[in-house]
Amino acid sequence: MTQLLFRLLTSATGALLLAACQSSGDAPATDEAEAAAPRAVVTVGQVRADTLRDVLRLSALSAYPAKDILRATTTGYVLGPTPVPGQAVRAGQTVFRLQTKESRVLHLDRLTGDPRLKFSGIIAIPSGRAGVLSAVDKLAGDFVQEGEQLGVVYDRSRFGFLLDVPVTQLRFVHPGQSCRILLPDGRTLPGRVAEALATADPALQTQRYTVRPTGPVPELPENLAVQVELDRTAPRRAPTLPRTAVLTDETQTQFWVMRLLNDSTAVKVPVARGPEQGDRVEIQRPRFGPQDRILLTGNYGLDDTAAVQLSK
């Protein structure tokens, strides 16, 4: 019995000593693993002062408000060659030619042999203004009645954009105001608000304005969707950061940046952000100094006091 108790105590003591040795041996390995853990490679920058505008951006459609409808002045047949859509025309230029039905049927000079009775019956239909032919409704050989539409000429000099302004934003828009017209291909045209129409859309509660480009106008079609930017306030100087430097949560209600505490540690700093302009975001609070280094890349998903490595 005494020998059995001695063996049990000996084996228990040995197990405890082995566990203690293993625990003391694992501690350096754990510290080495933590030291060898990869750090996020980041780039840093400083807050920059930029000129910002409080911009109102609205949708608009291109339009040719002045259209010259070419109509037949008599009953007859359309003669060739007929114009094609997209053709440029001058003011007073003959666009269509008609031959009266009487002249096509009756040839008095042939019937009587008197050349003085020769009558061609060809009527010229000129354009009343310079522009571009947008539609051709009749072709050579077609029979038309008097007053029937032959084609439509758009007046390029009256080209503009129709801007729909919500009634809640009317105080920011007025005739004569400068604006910027953003085309879908990235080009920007300078413009000016011209006229305000006297009616509002009853369903959308918007009032329509006419916006005209103030510089050279490229060849643009009608009903092209564009964006129009108008300044609601005068330009002002404000601190900004690149958009990639400002992080947010899923609901986009909280915003923060990662600031370097030292060369290897980044801390989370909540910020109040303002409007965006291009790829820059206004930082309203707090005020960062030129010595503050803000993470620009590699900041996504980092926790507070995260270990980082500066990119070389």
Side-chain angles (χ1 to χ4, degrees), residues 40 42-60 161 163-174 176-193 204-207 209 211 225-262 265-306 308 310-311:
V42 299
T43 59
V44 297
Q46 286 78 31
V47 172
R48 188 181 75 188
D50 285 322
T51 301
L52 300 182
R53 297 181 177 89
D54 189 3
V55 175
L56 174 64
R57 178 177 290 192
L58 300 171
S59 300
F161 298 88
L163 176 67
D164 291 321
V165 181
V167 294
T168 57
Q169 306 292 332
L170 289 180
R171 66 184 182 276
F172 300 116
V173 183
H174 55 82
Q177 180 179 1
S178 300
C179 62
R180 296 171 295 278
I181 303 168
L182 310 181
L183 301 182
D185 60 0
R187 289 180 292 177
T188 302
L189 304 178
R192 188 173 300 276
V193 180
L204 301 178
Q205 286 297 290
T206 57
Q207 184 175 0
Y209 287 77
V211 175
V226 301
Q227 297 288 317
V228 175
E229 286 187 348
L230 303 106
D231 294 337
R232 290 193 287 192
T233 59
R236 56 189 174 85
R237 300 286 289 178
T240 66
L241 280 172
R243 187 184 305 171
T244 56
V246 182
L247 305 174
T248 183
D249 57 2
E250 295 84 355
T251 59
Q252 295 187 358
T253 56
Q254 298 180 356
F255 302 93
W256 65 90
V257 299
M258 301 299 294
R259 180 175 63 86
L260 276 185
L261 187 62
N262 50 50
T265 306
V267 294
K268 180 177 179 181
V269 180
V271 298
R273 54 164 289 172
E276 295 184 13
Q277 182 171 306
D279 61 345
R280 309 288 297 186
V281 180
E282 179 186 1
I283 304 300
Q284 296 176 339
R285 294 186 306 274
R287 289 193 172 275
F288 293 103
Q291 74 282 357
D292 292 317
R293 295 179 294 174
I294 309 299
L295 271 61
L296 304 182
T297 61
N299 53 355
Y300 182 77
L302 295 182
D303 296 327
D304 193 13
T305 65
V308 296
L310 292 177
S311 177

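Heavy-atom basis, side chains included; hydrogens, waters and symmetry copies ignored. Residue numbers start at 1 and run along the sequence shown. Note that the coordinates shown come from a computational prediction; the quantities given were computed from them, not determined experimentally.
- Contact annotation: the side chain of W256 never approaches that of V267 to less than 4.5 Å [non-hydrogen atoms, C-beta and beyond].
- Residues D249 and T253 come closest through the heavy atom pair OD1-N, 3.0 Å.
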Task: Residue pair K268, M258: steps toward the side-chain contact (heavy atoms from CB on, under 4.5 Å) verdict - done: CA-CA 5 Å; K268 180 177 179 181; M258 301 299 294; 4.0 Å; yes

Task: Chi angles and distances behind the side-chain contact (heavy atoms from CB on, under 4.5 Å) call for L58, V165 - done: CA-CA 7 Å; L58 300 171; V165 181; 3.8 Å; yes

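- Around the CD atom of Q291, the shell of radius 6.0 Å holds more than 12 heavy atoms that belong to other residues, nucleotides or ligands.
- A distance of 8.0 Å separates CD of Q252 from CZ of R273, quoted to the nearest 0.5 Å.
- In this structure, OG1 on T240 lies 12.5 Å from CD on Q284, to the nearest 0.5 angstrom.
- For the residue pair T297/T43, the side-chain donor-acceptor check at 3.5 Å is satisfied.
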Open item on the list: Please determine whether side-chain contact (heavy atoms from CB on, under 4.5 Å) holds for the pair R180 and V55, giving the CA-CA distance in whole Å, both sets of side-chain angles, and the decisive distance to 0.1 Å.
Closed with: CA-CA 10 Å; R180 296 171 295 278; V55 175; 4.0 Å; yes

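- In this structure, L295 and A245 approach most closely via the heavy-atom pair O-CB, 3.5 Å.
- Contact annotation: the side chain of D50 never approaches that of Q277 to less than 4.5 Å [non-hydrogen atoms, C-beta and beyond].
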- [ ] Start with the C-alpha gap between R293 and L310, add the side-chain angles, then the distance that decides, and say whether side-chain contact (heavy atoms from CB on, under 4.5 Å) holds.
- [x] CA-CA 11 Å; R293 295 179 294 174; L310 292 177; 4.1 Å; yes

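- Distance check, rounded to the nearest 0.5 Å: CG of L163 to CD of Q227 gives 10.0 Å.
- Rounding to the nearest 0.5 angstrom, the gap separating the CG atom in L247 from the CG atom in L302 is 8.0 Å.
- Using a 4.5 Å cut-off on side-chain heavy atoms (C-beta onward), V193 and L230 make contact.
- Of all the heavy atoms in V308 and A266, the pair that sits closest is CG1-CB, 4.1 Å.
- Residues P235 and T51 approach most closely at CB-CG2, 3.7 Å, considering heavy atoms.
- A distance of 6.5 Å separates OG1 of T244 from CG of N299, quoted to the nearest 0.5 Å.
- Taking every heavy atom of both residues into account, V47 and F288 meet most closely at CG2-CB, 3.6 Å.
- Nearest heavy atoms, Q46 versus L241: O-CD2, 3.9 Å.
- Taking CG of D54 as the reference point, atom CZ of R232 lies at 4.5 Å (rounded to 0.5 Å).
- At distances below 3.5 Å, at least one donor-acceptor pair connects side-chain atoms of T248 with backbone N or O atoms of Q254.
- Side chains of P184 and V226 form a contact here, defined as non-hydrogen atoms less than 4.5 Å apart.
- Side-chain atoms of Q177 come within 3.5 Å of backbone atoms of H174 as a donor-acceptor pair (strictly under, hydrogens ignored).
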